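Presented below is the structure to which this report refers.
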Amino acid sequence: MDYFIELFFSGLTRGSIYALIALGYTMVYGIIGLINFAHGEIYMIGAFTALAAATILSFFSLPLPALLFLSLAAAVIWASAYGYTIEKLAYRPLRHAPRLSPLISAIGMSIFLQNYVLLAQTPDFLPFPALIPEFAFLAPYAGVIGSSDLVILLTTAVIMALLSLFIKFTRTGKAMRATAQDRTMAMLVGISVNRVISATFVVGSALAAVGGLLIASHIGQINCFIGFIAGIKAFTAAVLGGIGSIPGAVLGGFILGLTESFATGYVSSDYEDVFAFSLLVLILIFRPAGLLGKAAPEKV
Amino acid sequence: MARRTMRLNGRDIGSALLTALWFAFLALPFLAVKINPVEQTVTWRWHAIIYVALAAFLLSLGGSLYRQYRKAHLARKSQNDLSSEQSLFGRLWATRKIRLSLLAALTAAAITFPLLFSTYQTNIMITALIYVMLGLGLNIVVGVAGLLDLGYVAFYAVGAYSYALLNLHFGIGFWSALPISALLAAFFGVILGFPVLRLRGDYLAIVTLGFGEIIRLILENWNAFSKGPSGIANIPRPGFFGLDLTLEGAIIYLYYLMLGLVLFTVFVVNRLQNSRIGRAWFALREDEIACQAMGIDKTRTKLTAFALGATWAGMAGVIFAAKTTFVNPASFTFLESAIILCIVVLGGMGSIIGVVLAALLLILLPEYLRPLADYRMLAFGAVLVAMMVFRPQGLVSRVRRTYVPAGKNIPDE
Amino acid sequence: MNRQEGQSTSDRPVLEVMNLTMDFGGIRALDGFCLRLRQGEIAALIGPNGAGKTTFFNCLTGMYLPTRGELQLFRPDGATRRLNGLRPDKITEQGLARTFQNIRLFPRMTVLENVMIGRHCRTRAGVLGAILRGPAARREEKDTVRISSRILEKIGLAGQLNEFAGNLPYGAQRRLEIARALATEPLILLLDEPAAGMNPQETRELDELICRLRDEGLTILLIEHDMKLVMSLSDHIFVMDYGRKIAEGTPAEVRRNPEVIKAYLGEEESFGPA
């Protein structure tokens, strides 16, 4: 039973991270209909920035929570900056191009960023400091749930709540929803569509950066290739929940995380990634609209 | 018409400065800081930031100039005149005389290559030719039919592993394996294609990517079948009428073989493009719904493209296995698919000569400019983005086929 | 103005649509719609925006799968074909060809190539034929070019054979769509707002073209908002509103129908003496 609960929590932890990244995919898709292939790389950029910040800040012997927050801030700032820049350089000029052009551009961006970090830093794994403090009160349950699991779960929950409020009540959030529904109409009523799209990339990137820092601290190492697999899996989560749907992304993330956790725990860990890929292929073939998405009939 | 001079004003310079600052900021945690994981220290590299800022500044100024040029250019030519997109090369290529002499020169160079250069160079050339073949195959799928296949490498793997396994278990030689593997790859193309081809373009891309990764992961983990990550060694090179060739002889032989196969590929792909099927592929790329309304069986046409594309990948796989005499899953990652895609995009979707040029360029350039080799993938990524933004039709856009109808009134061109 | 006399409409039906219903979620776009086309007539389908005209075309050509209803095609050889549930390409093969409200040409293919695509379902050459290019394949290809350029001549685009379709002026693009549809050798030609966006000169040419096609024995069904064109051109008019047929008859009958006037309230001026 303990093993089951352990797998359950590790599934939730994974799922939270997938959900955080999946939100970026889903928001961007909802607004410009693009699979932002480079989104996984943004997550990697976030994790690397956090590592650089944590390494530099560790010289000043700050307390752990301060270290965590400052690294998080750095990760969020730089990841958002990269997300913003990528949209402006690689996607904005292609807004009226055929559908596949921005996707190819996104793939190019992804390869570029991966190799940029590889060349600037290293292709090897780098150890990542444990930025999340160990809670004493969790010690008796150490075999079942670690403190980083708890922090990740709570952080994700808080972020989801904040995001929902943001989308629902703020001006930018409303503009985002309007633009997602009908870009031309939004433009006509005076919404600056370019700014809304930029905001979407910034918010999505920030979420990915949070995910990047949390999971890097949880696992304890990163390299420049982590974005690819994480990106694909988060995309799977987004599609599973119904791409374009924000609650869908969260649901998809948790389902995928739990599936992976149980499948690797009870079946075989060799095929960890195969489960996710198979799930992706199966959903896209049998229910491309996802669990919470609506199937839109093609306009003739 | 008077040539308008282009100049930069203060605003351009200001925005260039801002761009420079912005990119310096972006590069800060990656280029200025080098993390040393062992000693938990960082090395500062401020000079890198200065280079980045300088490059961003100059590129931004260049961008301003380019925009001015475009504006002047577009004022002269009507904006939606599609024919103006034909490149200089494309126009030259369309002239029969130039085309023939270029082809003759190319053929002569190709035939004499192994006689003039070392085995090492010949080996590199074989690799480049394999990519030409892969590029031409993927070109059918992506360039002509407009199906973005990100898992093309799977069929390459199917080809390579079928030869390796058929040889290992049944002692089947190169020449028998070549058609068998091609058929197997085509078969895989149909099997994978069948469920996914009704998906929308971007979903199709992701599903094919998923399939490609699944096949690689299976090869990596199913030890009993594929010998796992360690791969299969001692795959024989192609035999030459039962003669024992020296290593050098075998390589030269493989080179000519590959050259022949590439020519065969060009011949077949060219004929396919200019046929009833080829036209249907192009039309499918343009507008699926209109295609169906014109009586084109969408699924079947797509499947044909998918299977034919896979066939070339299968053959290229066999040659790859025979050339390296060793296969393992590491040769068939997503990056490989991305390189082949890059060849198609750079060459020009649907342009045979463009794809051939792009393959040679992308594979040979990093080989001969060794210092650049490290930056290969970085450049590939940048090329994909830049091509989409600045020149989506590729280096060489497809030469428009013109017809002169038989009959009384011949239209004046 | 009225061209009722001198036409060759027989009473033989070519298409029978019975009780066609199409639901989108909770919205009923077509509600028990019935229609019968006779061989060689020009019929028009009119109605306010959102009445379900294009939805009807989409159901008829297999783009949408109707919820209920019966679609039957009576071929000249006497055979009856049920069109329900056939894929769009199969329906085109059976002899229904259409154009689109928002032009859907293949912009980066030449004018001739666009029409040649229309020949696809009437030709056979496969992959092997393409590669080997045997005598049969070569003959077929030649025929395709010949037939396609003849259609273009008829439609008045023979001078722009090798131009990219996307470069043609608007009116020519609409005509090219008709040419492409004609290349499929249809029994019935379905035109979705063929005169939309055309200037008076282009509309006149279109009017002539459609009449010429009818005189060659083609049955034509068009959706059109240009009432002058509809009234002068049509042998028979169907009026739709809210997914139902509210009236049908000759232009004169329809013009007098109180239901139609009600549906078009505010647009009466288009019904003024033609």
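Within every chain, numbering begins at 1; the chains are lettered A, B, ... in the order of the sequence lines, protein sequences first and strands thereafter. None of the values given here were measured: they were computed from a predicted structure.
Most heavy-atom pairs under 4.5 Å with chain B: of the set A/Leu126, A/Thr55, A/Leu51, this distinction falls to A/Thr55. Heavy-atom pairs under 4.5 Å with chain B were tallied for A/Ala52, A/Ala276, A/Pro127, A/Gly108; the largest tally goes to A/Gly108. Of all the listed residues (B/Val207, B/Asn221, B/Val142, B/Asn36), the one sharing the greatest number of non-hydrogen pairs under 4.5 Å with chain A is B/Asn221. Options B/Leu148, B/Ile206, B/Leu204 differ in how many heavy-atom pairs under 4.5 Å they form with chain A, and the most are formed by B/Ile206.
Heavy atoms of A/Phe228 lying under 4.5 Å from chain B belong exclusively to its side chain. Using a 4.5 Å cut-off between heavy atoms, A/Ser110 does not touch chain B at all. The contact between A/Tyr29 and chain B is made entirely by side chain atoms (from C-beta outward), counting heavy-atom distances below 4.5 Å. For a residue to count as touching a neighbouring chain, one of its non-hydrogen atoms must lie under 4.5 Å from one of that chain's; by this rule B/Leu26 touches chain A with backbone and side chain alike. There is no contact between B/Ala386 and chain A, counting heavy-atom distances below 4.5 Å. Contact of B/Arg45 with chain A is made through the side chain alone, with heavy-atom distances under 4.5 Å. Only the side chain of B/Val345 comes within contact range of chain A, judged by heavy atoms closer than 4.5 Å. Contact annotation for B/Ala382: both backbone and side-chain heavy atoms come within less than 4.5 Å of a heavy atom of chain A. With a 4.5 angstrom heavy-atom cutoff, B/Trp22 touches chain A only via side-chain atoms.
By the side chain to side chain contact (heavy atoms under 4.5 Å, CB included) test, A/Ile219 is found to be paired with A/Ile215, A/Gln221, residues two or more places apart in sequence or in another chain being considered.
Summarising the geometry, atom CZ belonging to B/Arg376 is positioned 10.0 Å from atom CG belonging to A/Asn115; distances are rounded to the nearest 0.5 Å. Residue A/Ile111 holds its CD1 atom at 8.0 Å from CG of B/Leu341, rounded to the nearest 0.5 Å. With values rounded to the nearest 0.5 angstrom, A/Leu118 atom CG is found 11.0 Å from B/Tyr375 atom OH. To the nearest 0.5 Å, atoms CD (B/Glu213) and CD1 (A/Ile232) are separated by 7.0 Å.
For A/Trp78 and B/Phe25, the gap between ring centers is short of 6.0 Å.
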**OP:** Go through the steps for A/Ile45 and B/Phe30 under the test side-chain contact (heavy atoms from CB on, under 4.5 Å), then give the verdict.
**Re:** CA-CA 9 Å; A/Ile45 294 258; B/Phe30 296 92; 3.5 Å; yes
Original post:
Can you check side-chain contact (heavy atoms from CB on, under 4.5 Å) on A/Leu280 and B/Phe211, steps first, answer last?
Top reply: CA-CA 10 Å; A/Leu280 173 66; B/Phe211 268 134; over 6 Å; no
**OP:** Give the intermediate values and the outcome of side-chain contact (heavy atoms from CB on, under 4.5 Å) for residues A/Val281 and B/Ile214.
**Re:** CA-CA 10 Å; A/Val281 169; B/Ile214 289 174; 4.3 Å; yes
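Contact of the A/Phe112 side chain with the B/Val385 side chain is not registered, since no non-hydrogen atoms from C-beta on lie closer than 4.5 Å. Counting only heavy atoms from C-beta outward, the side chains of B/Met349 and A/Ile104 approach each other to under 4.5 Å. Under the 4.5 Å side-chain criterion, counting only non-hydrogen atoms from C-beta, A/Phe37 is in contact with B/Leu209.
Counting heavy-atom neighbours within 6.0 Å of A/Phe59 CZ, excluding the residue itself, gives a total above 12.
Residues of residues 80-98 of chain A lying under 4.5 angstrom from chain B, judged on non-hydrogen atoms, are A/Ala81, A/Tyr82, A/Tyr84, A/Thr85, A/Leu89, A/Ala90, A/Pro93, A/Leu94 in numerical order.
Smallest separation of non-hydrogen atoms from B/Asp374 and A/Leu119: O-CD2, 3.7 Å. Taking each heavy atom of B/Pro195 and A/Ile285 in turn, the nearest pair found is CB-CD1, 3.7 Å.
Note: B/Tyr203 and A/Phe235 have perpendicular aromatic rings, judged against thresholds of 30 and 60 degrees for the angle between ring planes.
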